[in-house]
Student: 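Here it is, the structure, as structure tokens.
Numbers here simply count residues along the sequence, with the first being 1. Whatever order the structure lists ligands and atoms in, that order sets their numbers, starting from 1.
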Amino acid sequence: MAIYQSGVIFENVPTQDPNCWTLAAYQARGGYSALRKILTEKIPQNDIIDEVKTSALRGRGGAGFPTGLKWSFMPRSFPGAKYVVCNTDEGEPGTFKDRDIIMFNPHALIEGMIIAGYAMGAASGYNYIHGEIFEGYQRFEAALAEARQAGFLGKNIMGLGFDFELYAHHGYGAYICGEETALLESLEGKKGQPRFKPPFPASYGLYGKPTTINNTETFASVPFIIKDGGQKFLAQGVEGAGGTKLFSISGHVERPGNYEVPLGTPFAELLAMAGGMRGGKKLKAVIPGGSSAPVLPADIMMACNMDYDSIAKAGSMLGSGAVIVMDEDVCMVKALERLAYFYHEESCGQCTPCREGTGWLYRVVHRIATGKGRPDDLDLLDSVGNNMAGRTICALADAAVFPVRSFTKHFRAEFEHYIEHGKPMKEHKWGGW
Ligand code: SF4
């Protein structure tokens, strides 16, 4: 898997070196110096949160919420336990960046979480790792053991008077556990189903205590911000969204993999880094931010920059940065059928519009894809989607509707042809991507 070694998370990390993840290697790259600095200089909590605000770091898990602002919601004066929780429940189709962070640079995440604990007054943290990420889980446990042994975790860290303990938790592989409140339920040993919000985790989180949840890439960016300053981080991105971003590029490119580039990099440049289109084929469409993000046709994508606002203006979402590239041979009906099946499978079943609606979406798209589509099926998909979006406890229902709406909007002729003739417009090589 290619990793473009520059930027924040993978700066100077030689991922081809089997020891690049170790504590010794991390310290040789300046690791844990940000933590030492804040503990030695007893930097006030507010100053750290302000530095994160200056950096304009936005959550890397999908929502893109400003991290410094989120940290400021934590009620630090609340007596008793408070928690920081990392969401490494990476299960969105197309996303595979967080597993590389815990494989190749786990101490950046550990240091970022300790700093977050200090800034928000939390003495404990958990990293919830997706059940299908086996090697990464083992690697993260090994890194935790190293950090404990060296006095970076536990009581009186580095002899500088701060206590923080961090635990890894291996999930069971349910996509819905990436939703933050379902993750908390699962961490508490219950069925992983989202909670009603409010209350939000900052006031009622893990075990009912104030909790801040961030994505792996978000926490792992924090040591750089404290070490080099929020301004330097901000300068790498665009106004309102600082830093670099890891993009997981999959699909029909020559070199799929993770690429870390400054936010605002043109999509055309990112595609070129990934070796361009496989076999010289033409680009047909791109899902720019994980399977929940609306698909965009080639001409729109080729004019887009890879940052939150540019992608939103183009009609999609940057999400987690999972870029799914589809070439001219992809059948969009079959591709949507596969996506609709995923959301139907992964609905937790609490809300009727989601439990039933995802099933309807899948069955109708499947009907079209198997040559049995009916003339009013596209209207039916619209109507089912309207009865789902915004009417459920969590965003999974919306995530199931976005692909249906965008595929049928941008590639309507393909769907209409399939319904009328019971087969695709041309013999597509790829049933999915
Ligand atoms: Fe569960 Fe779907 Fe409701 Fe989310 S929207 S809580 S996944 S049923």
Side-chain angles (χ1 to χ4, degrees), residues 59 61-65 70 85 87-95 98 128-133 169 171-208 211 213-215 287 289-295 316-317 319-320 322 336-366 380-408:
F65 192 81
K70 193 179 209 182
V85 173
N87 185 346
T88 310
D89 192 58
E90 185 172 59
E92 174 105 336
T95 312
D98 294 336
Y128 188 104
I129 298 171
H130 193 69
E132 287 149 0
I133 304 177
H169 180 91
Y172 227 73
Y175 172 65
I176 195 58
C177 288
E179 196 280 340
E180 60 180 11
T181 57
L183 184 154
L184 294 178
E185 289 285 296
S186 174
L187 203 46
E188 290 179 5
K190 301 176 199 154
K191 205 185 327 181
Q193 289 187 315
R195 299 174 181 169
F196 283 100
K197 288 188 274 189
F200 292 95
S203 55
Y204 189 91
L206 186 62
Y207 305 115
T211 302
I213 306 162
N214 280 130
N215 166 259
I287 300 178
S291 62
S292 308
V295 68
S316 188
M317 302 183 295
S320 55
L336 180 61
E337 181 194 21
R338 189 66 192 82
L339 276 180
Y341 179 73
F342 173 79
Y343 289 104
H344 175 44
E345 269 293 301
E346 297 293 339
S347 167
C348 85
Q350 274 191 108
C351 321
T352 305
C354 176
R355 184 187 61 242
E356 302 302 323
T358 51
W360 272 92
L361 293 180
Y362 168 64
R363 285 191 297 275
V364 174
V365 179
H366 176 69
L380 182 57
L381 287 173
D382 251 4
S383 154
V384 172
N386 290 341
N387 284 309
M388 294 168 66
R391 295 166 191 264
T392 52
I393 294 172
C394 87
L396 188 141
D398 297 56
V401 172
F402 288 150
V404 173
R405 282 186 180 156
S406 57
F407 272 72
T408 54

Student: Nearest 0.5 angstrom please: L183 CG to D89 CG, how far?
Tutor: 6.0 Å

Student: Out of all atoms in ligand 1, which are within 4.0 Å of some heavy atom of S347? Include the element for each.
Tutor: 2 (Fe), 8 (S)

Student: Does Q193 reach the main-chain N or O of C348 with its side chain, forming a donor-acceptor pair under 3.5 Å?
Tutor: yes

Student: Closest non-hydrogen protein atom to atom 6 (S) of ligand 1, residue and atom name please, with distance?
Tutor: Q350 NE2, 3.5 Å

Student: Which residue and atom name correspond to the protein heavy atom nearest atom 4 (Fe) of ligand 1, and how close is it?
Tutor: C394 SG, 2.3 Å

Student: Counting only N and O atoms by type, is there a donor-acceptor contact under 3.5 Å from the side chain of S316 to the main-chain atoms of P294?
Tutor: yes

Student: Under a 3.5 Å distance rule, please check whether Y175 uses its side chain to pair with a backbone N or O of Y343 as donor and acceptor.
Tutor: no

Student: Verify whether one side chain among T88 and E90 offers a donor that lies under 3.5 Å from an acceptor in the other.
Tutor: no

Student: Any idea which protein heavy atom is nearest atom 5 (S) of ligand 1, and the distance to it?
Tutor: T392 CB, 3.4 Å

Student: For ligand 1, which atoms sit closer than 4.0 Å to a heavy atom of I176?
Tutor: 7 (S)

Student: State whether the side chain of S347 and the backbone N or O of H344 hold a donor-acceptor pair below 3.5 Å, judged by distance alone.
Tutor: no

Student: Has C348 got an N, O or S atom lying less than 2.8 Å from atom 1 (Fe) of ligand 1?
Tutor: yes

Student: Does the residue Q193 have a heavy-atom contact with ligand 1, meaning some pair of atoms that are separated by less than 4.0 Å?
Tutor: no

Student: Does one side chain, of R405 or N386, offer a donor that lies under 3.5 Å from an acceptor on the other?
Tutor: yes

Student: For atom 3 (Fe) of ligand 1, what is the closest protein heavy atom, and at what distance to 0.1 Å?
Tutor: C351 SG, 2.2 Å

Student: Looking at atom 2 (Fe) of ligand 1, is one of the N, O or S atoms of C354 less than 2.8 Å from it?
Tutor: yes

